[in-house]
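Working notes for the structure below.
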Amino acid sequence: MATPSAPRGWDEPLDNVDDNLLDEVRTAWSDTDPMPAVLIDQVRLTLGLVDVDIEMLALVEPVRSAATRNDGALRRITFSGDDLTIMINIDCNTDGMWRIDGWMAPAVASRVELRTGRGLRVTESGEDGRFSIDAIPKGLVQLVIHQSAGGATRTFTTPTVEL
Amino acid sequence: MRTDNAPRPEDRRQTDKPVRRERLAVLLLAARDGDRLALDEMVRELTPILWQVTRAQGLDRDSCADVVQTTWLALMKALDTIRHPEALLGWLVTAARREAWRVRAEQRAEEATDTELFSARPDPGPPPGSRLLEEEQREVLWAAVAKLSAQCQELIRIVAFVERPDYGVISHALGMPRGSIGPTRGRCLAKLRELLGIQPNGGAR
């Protein structure tokens, strides 16, 4: 219940005017009191993250293959960057858990990690560049690929995907 | 120039992007499993908000930078103990705020007054005759914000840097009652609109 001193409109839902007003507040603070440009890197240095270097692959295509049933249970997604392309098939099992079958080109044996809502899943891709991960809970996932060549490791990530 | 990954106005409503809370939960779980890249993403995304949280406590810039780093180190130690990964944002905001208070007390700072939050503001600048309309509007905004309670000033400052789904988490982490902001406007924002002469049902601004 509103007390007599509550300003009018306090119980109305947020609207576009509120969004714009808060954006003005944000801009005012950013201009007046900006975060030091080096702060993020200072934190990364403190946490030992400075040698972390990753390439985010771009989503190229969600494609519905002719074999897909109308409920869209099977999805195929392609991600691509300068040096790596990944194609994955996403499928839902009868028990409600999901499965990802993927293959990479060029085919390099890699460590494949899947970030999920229940932690990290880790597997290896074969020399043919193929990998599979099963029993994935529904929700957001993200692939992280580590490739080693000549003593150096390159790391690639995909955008998050919703299962 | 934006260097703080801040949301655009239309992003606040988050109609089709994955909610940040869920994304952060995925990153936290990965970081817990040793994924340093996930930790790196968390740092990049959340450090700007922690800057706002610490500065809103009236602490000087250098000390705030220290507090932000200390907060991340504290997270590393507590990583396995966070019961609900979706509570990451609230955990970090609370931790940063408390650490800022602790440092401030250590420095034996003077009692925080409303004006301390504006201690970072630069000198008034060019004389009124040459001011741009934007700057005048900015001054009007500052004048209105300055009339809010200290608690409201803190809330408004920090929620300005997050999106709607996170408003409740922020107000809770700041110790404000449920419903202080999100999904309703709440008293602080309603008061600010009133001070700026904006009608409750949409403004002529």
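Chain A is the first sequence line, chain B the second, and so forth, proteins listed ahead of strands; every chain is numbered from 1. Model, not experiment: these values are computed from the prediction.
Remark: side-chain polar atoms of B:W51 are not paired, donor with acceptor, to backbone N or O of A:L39 under 3.5 angstrom.
For B:L50, no part lies under 4.5 angstrom from a heavy atom of chain A. For A:V25, the parts lying under 4.5 angstrom from a heavy atom of chain B are both the backbone and the side chain. With a threshold of 4.5 angstrom between heavy atoms, B:A31 does not approach chain A through any atom at all. Neither the backbone nor the side chain of B:A25 comes within contact range of chain A; no heavy atoms are under 4.5 Å apart.
B:D35 contributes atom CG, which lies 9.0 Å from atom OG1 of A:T155 (distance to the nearest 0.5 angstrom). In this structure, CG on B:D40 lies 5.0 Å from CG on A:L49, to the nearest 0.5 angstrom. Between the CD atom of B:E41 and the OG1 atom of A:T157 there is a distance of 6.0 Å, given to the nearest 0.5 Å. The CD atom of B:Q52 sits 9.5 Å away from atom CZ of A:R26, with the distance rounded to the nearest 0.5 Å. Distance check, rounded to the nearest 0.5 Å: CD1 of A:I40 to CD of B:E45 gives 10.0 Å.
The minimum heavy-atom distance linking A:G139 with B:E22 is given by the pair CA-OE2, 4.0 Å. Shortest non-hydrogen contact noted between A:R115 and B:L27 is NH1-CD2, 3.4 Å.
For chain A, the option among B:E194, B:E86, B:Q69 with the highest count of heavy-atom pairs below 4.5 Å is B:Q69. Ranking B:G186, B:A30, B:P85, B:G34 against chain A, the residue ahead of the rest is B:G186, based on heavy-atom pairs under 4.5 Å.
Residues forming a disulfide (SG to SG under 2.5 Å) with B:C64 (at least two apart in sequence, or on another chain): none. Under the salt bridge (charged side-chain N to carboxylate O under 4.0 Å, His left out) criterion, A:D11 pairs with no residue at all, not counting sequence neighbours. Every side-chain contact (heavy atoms from CB on, under 4.5 Å) that B:W91 has, sequence neighbours left out, goes to B:A74, B:L75, B:A78, B:I82, B:A95.
Within a 6.0 Å sphere centred on CZ of A:R99, other residues, nucleotides and ligands contribute more than 12 heavy atoms. Applying the 6.0 Å contact sphere to NE2 of B:H172 captures no more than 12 heavy atoms from other residues, nucleotides or ligands.
Within residues 121-132 of chain A, no residue has any heavy atom under 4.5 Å from a heavy atom of chain B.
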- Task: Would you check, one step at a time, whether the test salt bridge (Lys or Arg N to Asp or Glu O under 4.0 Å) holds for B:R193 with A:D15?
- Result: CA-CA 12 Å; B:R193 284 173 66 136; A:D15 63 12; 3.0 Å; yes
